[in-house]
Amino acid sequence: MTKEMPKGFLWGNSVSSMQTEGGYNEGGKGKSVYDTFPATENSSDWKVAIDDYHNYPEDLDLMANQGMNCYRFQISWSRVNPDGDGEFNEEGIKFYDNLINELLARHIQPMICLYHFDMPLHLAEKYNCFLDRHVVDAFVNYGKKMVDCFGDRVKYWITFNEQNLYSTSETFRIAGYLKGERTDDELYQISHHVMLAHAGVANYLHKQTDNLIGGMLAYSEVYPASSLPKDVQYARQIDEFLNRNLLDVFVHGRYSNEVLTFVKNHGINMDFTDADQNVFNQLSSDFIAFSYYQSVTISSSVVPDNTLPNYYLDAGGKENPFLKVSEWGWSIDPLGFRDILTKTYNSYGVPMFPIENGIGVRETYDGHEIQDDYRINYHRAHIQAMKDAMFEDGVPVIGYLGWGLIDIPSSSGNMEKRYGMVYVNRGNRDLRDMKRIPKKSYGWFKKVIASNGNDLA
């Protein structure tokens, strides 16, 4: 007997504001740190993206025609609040109000992400971002305003995209951090302040609405490079420090005992107060959201002594000889996807929601349909792995959202690293006509959605 996917399962697309909107100096938008990033040899700037600020109805039509019933988009903090901590911009709020109404008119459930690394420039320059508690308060104030504006129509929410990246060497880039020595104390303070900001918004949403909110991680399965016990230990520690430490707060309102013990033993000042713990005590998560693209492998023997577990992978990450990789060096590992779904649910008992998944590939359009069977194969294998977690392991899963299923610049601004099932005709330097052209995978995913995931052929 066929095991049926749940009715109302969410199929859709995830994006960020700076990778889609454009309109960087229109509608009263203030500058974000991304507006200071120049184009390079292998990347575009962020002024235009795919110009959804002017053309989003066309992309929503493409999603609706494909059958999608969920769209996770990000609100640009500096579009609705130009300085991040001053007056709100009604024209910017109206843009998202219209977007939400257009989604609902197409029977697409909106999912809001409040922050995707695009710190308002004013806050970055004056306060050095989340290193300062003023920015925590500013973010909570912004989040509360968005809940007040859109909570009547938007059921699903997340605060920070890939929040565990604030516990890694990526912290200082994605926080918009501009100055300082980048110390261990600062790493832990930024990570803690971001969690405090998450809790402030999540607690408010739960008090004011019946909507659902969860924490989100960039979750990569971590394998030991060998059966060397230290490799196994390092793989476990990476998961504890980068993932479970935050999951413990999202679900239970407390940090990992192991991590807090490490912080104490190493004299790290993470600026964690009793008042902060009181905020955490009120916290809960309705789901656990995460992105999944690849697994990683750790070799302890090349990690220098006294390295923070947060930085193990910077020194000891190794290619897995048992897995194929994309042209960008990202391993393809659907079984790792299943394992994350299952082990996380087993530990925390909260419904799972994968909200980013996909493969970036260099593609060109020559007038004929792009035959992206590699993308079909990638998504097919990961959807099957998700179904195995659901039906074989008993994991409740809310939905499956691909990343950038209409081509957008990658996180580094590279328009040539394409994740989409719809080709957007622009390059890094040449905007061309930005015409939207469905690829072969577009029709395949349309069939998958129409069958509610039962037909993956």
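Heavy-atom basis, side chains included; hydrogens, waters and symmetry copies ignored. All values reported here derive from a predicted model rather than from experimental measurement.
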Begin with the C-alpha distance, continue with both residues' side-chain angles, and end with the deciding distance and a verdict on side chain to side chain contact (heavy atoms under 4.5 Å, CB included) for Tyr292 and Met386. CA-CA 11 Å; Tyr292 180 84; Met386 175 186 69; over 6 Å; no

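- Within 6.0 Å of NZ in Lys155 there are 12 or fewer heavy atoms belonging to other residues, nucleotides or ligands.
- The distance between the ring centers of Trp157 and Phe150 does not fall below 6.0 angstrom.
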Take Tyr348 and Asp248 through the side-chain hydrogen bond (donor to acceptor under 3.5 Å, both in side chains) test and state the conclusion after the steps. CA-CA 8 Å; Tyr348 294 96; Asp248 283 353; 2.7 Å; yes

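- Counting only residues at least two apart or on different chains, the salt bridge (charged side-chain N to carboxylate O under 4.0 Å, His left out) pairs with a member in residues 272-288 are Arg133-Asp276.
- The salt bridge (charged side-chain N to carboxylate O under 4.0 Å, His left out) test applied to Asp184 returns no partner, not counting sequence neighbours.
- Closest non-hydrogen pair, Ser285 versus Val350, comes out as O-CG1, 3.7 Å.
- Two residues are said to be in side-chain contact when any heavy atoms from C-beta on lie closer than 4.5 Å; Thr297 and Leu323 fail this criterion.
- Between Tyr115 and Phe130, the distance separating the two ring centers is shorter than 6.0 angstrom.
- Shortest non-hydrogen contact noted between Phe117 and Val33 is O-CG2, 3.9 Å.
- The distance from atom OH of Tyr204 to atom OG1 of Thr209, rounded to the nearest 0.5 Å, is 9.5 Å.
- By the 6.0 Å contact criterion, CG on Asp210 is open, its count of non-hydrogen atoms from other residues, nucleotides or ligands being 12 or less.
- Counting only N and O atoms by type, the side chains of Tyr56 and Asn98 include no donor and acceptor under 3.5 Å apart.
- For the pair Ser17 and Asp118, the minimum side-chain heavy-atom distance is below 4.5 Å.
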I'd like to know whether Ser76 forms a side chain to side chain contact (heavy atoms under 4.5 Å, CB included) with Tyr96, so could you lay out the CA-CA distance, the side-chain angles of the two residues, the decisive distance to 0.1 Å, and finally the verdict. CA-CA 9 Å; Ser76 167; Tyr96 295 108; 3.4 Å; yes

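- Across Asn203 and Val279, no two heavy atoms sit closer than the pair ND2-O, 3.1 Å.
- Between Leu246 and Phe160, the closest side-chain pair of non-hydrogen atoms is not below 4.5 Å.
- The ring-ring contact (aromatic ring centres under 6.0 Å, His included) test with His116 singles out one residue from Phe73, Trp46, Trp403, and that residue is Trp403.
- Ring centroid separation for the pair Phe262 and His266 comes in under the 6.0 Å cut-off.
- At distances below 3.5 Å, at least one donor-acceptor pair connects side-chain atoms of Asn89 with backbone N or O atoms of Gly27.
- Salt-bridge check for Lys31 with Glu125: failed, with every basic side-chain N at 4.0 Å or more from each acidic carboxylate O.
- For the residue pair Asn13 / Tyr419, no side-chain donor-acceptor distance below 3.5 Å is found, with atom types taken as modelled.
- The shortest heavy-atom contact between Asn101 and Arg153 is OD1-NH1, 2.9 Å.
- The aromatic rings of Phe290 and Phe337 sit tilted relative to each other, their planes meeting at an angle between 30° and 60°.
- The six-membered or imidazole ring of Tyr255 lies near that of Phe272, with a centre-to-centre distance under 6.0 Å.
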Stepwise side chain to side chain contact (heavy atoms under 4.5 Å, CB included) check, Ile50 with Asp59: CA-CA 10 Å; Ile50 59 168; Asp59 288 344; 3.7 Å; yes

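- A cation-pi arrangement, defined by a distance under 6.0 Å to the six-membered ring centre and an angle within 45 degrees of its axis, is present between Lys417 and Trp330.
- Here the side chain of Gln66 pairs no donor or acceptor atom with the backbone of Leu62 at under 3.5 angstrom.
- In this structure, a donor-acceptor pair under 3.5 Å is absent between the side chains of Ser14 and Glu356.
- Checked for salt-bridge contact, Lys29 and Glu21 miss the test: no charged N lies under 4.0 Å from a carboxylate O.
- Contact check on Lys318 versus Asp231 returns no salt bridge, with no Lys/Arg side-chain nitrogen under 4.0 Å from an Asp/Glu carboxylate oxygen.
- Here the closest non-hydrogen pair linking Ser295 and Ser331 is O-OG, 2.9 Å.
- Asn243 and Asn164 form a side-chain donor-acceptor contact under 3.5 Å, judged by distance and modelled atom types alone.
- In this structure, the side chain of Thr344 does not engage the main chain of Leu341 through any donor-acceptor pair within 3.5 Å.
- Residues that satisfy the salt bridge (charged side-chain N to carboxylate O under 4.0 Å, His left out) test with Arg426, not counting sequence neighbours, are absent from this structure.
- Aromatic ring centroids of His193 and Tyr166 lie 6.0 Å or more apart.
- Residues Arg244 and Ser347 share a closest heavy-atom pair of NH1-OG, 3.1 Å.
- A salt bridge is defined here as a Lys NZ or Arg NE, NH1 or NH2 lying under 4.0 Å from an Asp or Glu carboxylate O, and Glu102 with Arg106 meets this definition.
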